[in-house]
Amino acid sequence: MIVLGIESSCDETAAAIVNDKREILGECVLTQLEHKTYGGVVPEIAARAHLDHIEDILEETFKNAGIKPQDIDAVAAASGPGLIGGVVIGVMAAKSLSLALGKPFIAINHLEGHALAARLTSDVEYPYLLLLVSGGHCQILVVKNVGEFERLGTTIDDAAGEAFDKVAKMLNLGYPGGPMIEKMADLGDENRFVLPRPLQSSGDCNLSFSGLKTAVRKIIESYSTDGNIEHAILRKQDVADICASFQKAATEHLLYKLKKAIVLFRTKYPQGKDLVVSGGVASNSYLREKLKQLAETEGLFFSAPPIKFCTDNGVMIAWAGMERALKGMYNNLDFKPRPRWPLDENAPKAAGAGGVKA
Ligand code: KG4
Ligand code: ZN
């Protein structure tokens with residue numbers, strides 16, 4: 001079985017082809033650089049760029065896979081959640097191919113793509129505990145099977161990646177901020193600034209990053225004579241120390257809530273053995289190392305997709321498509337792309353689970 005996957009829900013135009021032996025036959029990712037000047041993704045510019053590049057990306061993917069479109073068995077596309085203008089482009093391309101080739105179409109929830117990616121590269125078995133940390137989402141979930149999720153916790157305000165991006169913006173480090181924060185943090189003292197650990201007494205597995213972001217803003221303000229962060233005078237070492245302190249606080253917050261989630265996971269799914277992290281923030285090596293240590297202490301196997309498959313890519317969509325295709329889970333061509341699409345929308349709500357950010 002061979003599946004093509006298309007991703008266009010944010011600022012990556014990407015495609016990949018995988019087979020059921022867990023081999024990646026071909027892939028191609030284009031990260032849109034058009035947004036850098038704006039310090040964030042501009043939806044209309046993203047949609048136009050997807051339209052400009054989707055054909056070339058598909059052609060390149062088939063070229064590097066060394067196969068013809070007729071050789072695939074199904075076409076999958078990230079069909080939400082995301083920036084709808086971009087999602088529509090990928091979905092239309094996939095539906096057109098599906099119709100022209102007479103092969104089934106599969107609508108993939110972008111978050112399911114992140115959630116299942118680790119199963120392509122590691123031997124992760126259902127059910128597993130997942131920390132999904134990206135630019136738009138931050139959730140702790142149990143992945144019970146394809147399309148079956150139980151959400152144990154979610155952010156009540158910003159996503160983890162969003163917080164990295166906002167802190168980077170305040171420090172003029174550019175967009176996306178996560179990789180720059182990590183790079184600067186390597187040079188910094190993580191204990192120099194004391195930052196809050198949010199929602200410590202809430203008792204649930206929910207997360208929050210806005211207080212952390214505000215605390216960083218206050219530190220930067222203290223370096224300016226008029227309280228305006230634009231006028232703050234920071235040495236390179238100060239910036240590095242802020243990045244390191246923020247990265248430590250964000251990681252510790254995630255780990256604190258994850259420990260609570262592990263207790264719940266163990267009680268509800270005693271057969272579960274794996275802890276997985278995925279999404280763009282999962283490329284952060286500091287977070288990966290701390291999660292690995294946590295898993296070891298808790299007697300769980302730790303897995304994460306290779307760094308290049310943590311940020312948005314076509315491989316995760318193709319693989320989620322494969323998992324669905326193997327179960328015959330196809331969609332009709334009248335499937336409507338969904339700007340909002342919670343992963344666990346059909347699941348009974350976990351006790352204490354908070355507001356939806358999907
Ligand atoms: O999964 P993704 O590519 O897109 C969404 O689905 O949102 O995640 C992008 C997010 C951005 O917020 C980016 O700053 C963050 O992932 N990110 C990182 C790192 N690399 C990317 N955050 C922390 N450390 C990194 N190394
Ligand atoms: Zn993503």
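For clarity, every value in this text was computed on a predicted model and none was experimentally measured. For ligands, and for the atoms within them, numbers begin at 1 and follow the listed sequence. Reckoned from all heavy atoms, side chains included, excluding hydrogens, waters and symmetry mates.
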For [atom], find the nearest protein heavy atom and state the residue, atom name and distance (0.1 Å precision).
atom: atom 2 (P) of ligand 1; result: Asp312 OD1, 3.3 Å
atom: atom 26 (N) of ligand 1; result: Glu182 OE1, 2.7 Å
atom: atom 24 (N) of ligand 1; result: Asn284 ND2, 3.0 Å

Counting from 1, what ligand 1 atoms have a heavy atom of [X] closer than 4.0 Å?
X: Gly161; answer: 12 (O)
X: Gly135; answer: 5 (C), 7 (O), 8 (O), 9 (C), 10 (C), 12 (O)
X: Asp165; answer: 11 (C), 12 (O), 13 (C), 14 (O)

Test item: side-chain donor near acceptor, [X] and [Y], under 3.5 Å:
X: Asn228; Y: Glu221; result: no
X: Asp226; Y: His231; result: yes
X: Asp158; Y: Ser210; result: no
X: Ser79; Y: Lys95; result: no
X: Glu148; Y: Tyr126; result: no
X: Glu182; Y: Ser285; result: yes
X: Thr13; Y: His50; result: yes
X: Thr31; Y: Glu12; result: yes
X: Ser9; Y: Glu7; result: yes

Polar contacts were defined as any N/O atom of the residue lying under 3.5 Å from an N/O atom of the ligand; does this apply to [X] and ligand 1?
X: Gly280; value: yes
X: Gly279; value: no
X: His114; value: yes
X: Thr311; value: no
X: Phe164; value: no

- Message: Below 4.0 Å from ligand 1: does a non-hydrogen atom of Gly136 turn up there or not?
- Response: yes
- Query: Looking at ligand 1, does His110 have a heavy atom less than 4.0 Å from it?
  - Reply: yes
- Message: Please determine whether His137 has a backbone or side-chain N, O or S atom lying under 2.8 Å from the Zn ion (ligand 2).
- Response: no
- Message: Tell me whether Lys290 forms a cation-pi arrangement with Tyr286, defined as NZ or CZ under 6.0 Å from the six-membered ring centre and within 45 degrees of its axis.
- Response: yes
- Item | Where the Zn ion (ligand 2) is the vertex, angle from Asp312 OD1 to His114 NE2 to 10° | 90°
- Message: Nearest non-hydrogen contact with atom 23 (C) of ligand 1 belongs to which option: Ser283, Gly178, Ala159?
- Response: Gly178
